[in-house]
Asks: 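Let me begin by handing over the structure; questions about it come next.
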Amino acid sequence: MTLLGAISAAAPARLLMFGVVAIGPPLAVATASPLTVLSVGGYTLMIAFAISTWQGLLGSTDQTLRLLTVVCATLVSWSLARHLRTALRATASAAREREMLAAIVDQSSDAIIASALDGTLTAWNRGAERIYGYTANQVIGQPLANLIRPDQPDRLPQVLADLAAGQQIRIDEAQRIRSDGTPFLVSVIVSPIRDEYGMVVAAAATERDITDEKLARQRSERAARMESLGQLAGGIAHDFNNLLAIILNYADFLGEEVSDDGTRDLARIKDAADRAKALTGQLLLFAKREPTEVGIVDLNEVITEAGDLLSRTIGADIQLLCRPRSEALPVYANRGRLDQILLNLVINARDAMPEGGVVVVETDLADVHAEDSTPLPPGQYARLTVSDTGTGMTAEVRDRLFEPFFTTKPADRGTGLGLATVYGIVGDAGGHISVESALGIGTTFRILLPPATENADQVTEPPSESRAGHGELVAVIEDEEYVCDLVLRILRENGYRATALDQSSLADDDLNGVTLLITDIVLPGKSGPALADQMRARHPDLRVLFISGYSDSELRHRYGLGEETRIVQKPFTAVEILAGVGEALSEAHQVRR
């Protein structure tokens, strides 16, 4: 500006070089700073005044016009600079927002994918790279159809057409395929992208991997189904135990009165009843309602000692390999139940290999981490693995494998309770069982059990011996008529006086002379423990013996019964009920003494 001013001042006035000075403020507009424009404009005004005065125009109209020109140019330039500054700030803010949005999209754990309306991929974030396994360079420019499983119906053209029409697409479950060929599930929301004129020019999809979520939901649903089946199995077993108690004991009664031929027939009846008793035991075990005696057992010893027996059981065309861990592997469990687990799994492996094969039984230690797909808390567990080279199974069969009464065997070869029992035993021991199988390759069962601690062992008390009565009066409360008659008969035939009580008229009954109350725990109306408390309020010295067909541990928890409270489990024999009576009366004698 100074140079232009000097040139203008040196030139004759008639050349009108003054105009070049007035371009200063417009040039300053490029700075987008209104203050700079005003500063340049003020400096230009001073130069214009000096030049016009130097040229003898002081106070003339020509000088005034020149100065007004500079002022007007300055004001217009100041306004333009303000507008430019606002526009630049808006542009910078929009750029920052776009950068922030791009960073959010790129860092999202979901796959965010953009494509043209012809299905060509145009954008691919890091979430998509993680989920699919492809990098952006590998997929951008490729058709979207490459990501969809080829065996699925091709809905892509219709989806693209709907997007072009401006519709948003939502798919709760869509099957996709990773770069390594494994299928997985995603939930998808696809939205149309519009330009500044409102025209749909592209599409953007947000895809979330729901494979693990669906598996967890399926496990939860399976667990709920198993729980309801367990409750059903427990109820059936309870009612069946009442019937078995009647069958077993009345068969014993008849055995003393019939001929030899009749005795053999009764023996067959008792044998069938005993097998039915074992079956209800399996049902209760599946329902986690069967009490078991537990202790510290070396898992290595279990498979080593069972090896010879199992080898003879599965046949000569099947090779059984037992590979125990080199060091002891103690677990806190019931030894008989562990043998039952091993027998069930090996027999199932045998049945899956009709043309022969190999069964491998191994034990070792396994670490469970928080991210593992198992309900067990993190830590180290003893692992029992049983694998075979059999026919394998489908995913549908594998999902129902532990359901009671579900079996793929013929009706005369399986009850469907073997693996359900295994499932119940493992769960009762605080462990977890999983299965892997493929058609034509084989099946592998893995069982995790908590390792035993040094103070986990228990001492099991020996069973009490039965004793004959000496005229003691025993009251019996039992809602099943035949079971009540059975208990009364056993007591009367073994030296006791016995009477049945009706809980509806219990308050009016004369209880004088009653030494012992035998009552079922689960009764219509009041429970057995509640009735016992009611009677003890009138007779504090009254002893109580409980009987039930439900789980010992479940009943103690529900009704607050301590471990010292004796419960005789149905179906009981005469010896077992008399042993319980003798124990209860012995305790009464000790208390009185």
Side-chain angles (χ1 to χ4, degrees), residues 29-32 79-214:
V29 170
T31 65
S79 176
L80 291 174
R82 286 191 63 189
H83 177 74
L84 180 60
R85 182 180 65 179
T86 301
L88 289 175
R89 286 179 176 177
T91 302
S93 177
R96 286 195 298 271
E97 289 180 1
R98 285 195 297 271
E99 291 175 357
M100 180 64 70
L101 181 60
I104 292 173
V105 168
D106 197 46
Q107 297 298 323
S108 173
S109 59
D110 295 336
I112 299 179
I113 304 167
S115 71
L117 292 179
D118 62 355
T120 302
L121 291 167
T122 58
W124 189 264
N125 74 334
R126 292 186 184 179
E129 291 182 353
R130 179 184 59 81
I131 293 174
Y132 281 90
Y134 295 107
T135 64
N137 292 334
Q138 290 176 305
V139 296
I140 290 180
Q142 299 296 318
L144 181 62
N146 292 349
L147 305 178
I148 302 174
R149 288 183 58 176
D151 58 339
Q152 297 299 312
D154 190 6
R155 294 180 53 196
L156 186 59
Q158 182 60 46
V159 169
L160 292 175
D162 292 341
L163 288 168
Q167 298 181 26
Q168 185 184 70
I169 308 297
R170 183 185 183 95
I171 305 174
D172 292 332
E173 288 187 10
Q175 293 192 333
R176 298 287 187 263
I177 187 166
R178 303 189 201 276
S179 60
D180 59 2
T182 58
F184 65 103
L185 290 175
V186 294
S187 63
V188 185
I189 298 178
V190 192
S191 302
I193 299 177
R194 302 177 184 272
D195 61 13
E196 62 271 22
Y197 304 108
M199 299 294 294
V200 178
V201 295
T206 301
E207 298 187 353
R208 174 165 295 177
D209 188 348
I210 60 170
T211 307
D212 292 340
E213 178 183 333
K214 184 173 183 180

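Residues take their numbers from the sequence shown, with the count starting at 1.
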Asks: Is R170 salt-bridged to D172, cutoff N-O under 4.0 Å?
Replies: yes

Asks: Considering all heavy atoms of both residues, which atom of A203 and which atom of V190 are nearest to each other, and what is their separation?
Replies: CB-CG1, 4.2 Å

Asks: Can you tell me how far the CG atom of L185 sits from the CG atom of D212, to the nearest 0.5 Å?
Replies: 10.5 Å

Asks: With heavy-atom distances below 4.5 Å as the criterion, would you say the side chains of R130 and R126 are in contact?
Replies: no

Asks: Output yes when a side-chain donor or acceptor of R178 lies under 3.5 Å from a complementary backbone atom of P183, and no otherwise.
Replies: no

Asks: Within the 4.5 Å heavy-atom criterion, are D162 and I169 side-chain neighbours or not?
Replies: yes

Asks: Ignoring hydrogens, what is the shortest heavy-atom contact between V29 and L84? Give both atom names and the distance.
Replies: O-CD2, 3.4 Å

Asks: Check for a donor-acceptor pair, side chain of T122 on one end and backbone N or O of A114 on the other, with a separation under 3.5 Å.
Replies: yes

Asks: Is there side-chain contact between L160 and L117, with at least one heavy-atom pair below 4.5 Å?
Replies: no

Asks: Do I113 and L121 make a side-chain contact, defined as non-hydrogen atoms from C-beta onward lying under 4.5 Å apart?
Replies: yes

Asks: Roughly how far, to the nearest 0.5 Å, is CD1 of I131 from CG of D110?
Replies: 6.0 Å

Asks: Please name the pair of heavy atoms, one in P192 and one in Q167, separated by the smallest distance, quoted to 0.1 Å.
Replies: CD-O, 3.6 Å

Asks: Under a 4.0 Å threshold between the charged nitrogen and the carboxylate oxygen, would R208 count as salt-bridged to E213?
Replies: no

Asks: If we ignore angles and hydrogens, is there a donor and acceptor under 3.5 Å between the side chains of N137 and T135?
Replies: no

Asks: Does the N125 side chain pair with the main chain of I112, one donor and one acceptor, at a distance under 3.5 Å?
Replies: yes

Asks: Quick one: are R176 and V188 in side-chain contact, heavy atoms under 4.5 Å?
Replies: yes

Asks: Which distance, rounded to the nearest 0.5 Å, do you find between the CD1 of I140 and the OG of S115?
Replies: 11.5 Å

Asks: Side-chain contact test, heavy atoms from C-beta onward, threshold under 4.5 Å: evaluate it for I210 versus E173 and give yes or no.
Replies: yes

Asks: Over 60° means perpendicular and under 30° means parallel, so tell me whether F184 and Y132 are parallel, tilted or perpendicular.
Replies: perpendicular

Asks: Going from CD on Q158 to CG on L163, what distance comes out if it is rounded to the nearest 0.5 angstrom?
Replies: 10.0 Å

Asks: Quick one: closest heavy-atom pair of Q168 and S191, and the distance?
Replies: NE2-OG, 2.9 Å

Asks: Treating E129 as the side-chain partner and A136 as the backbone partner, does any N or O pair qualify as donor plus acceptor under 3.5 Å?
Replies: yes

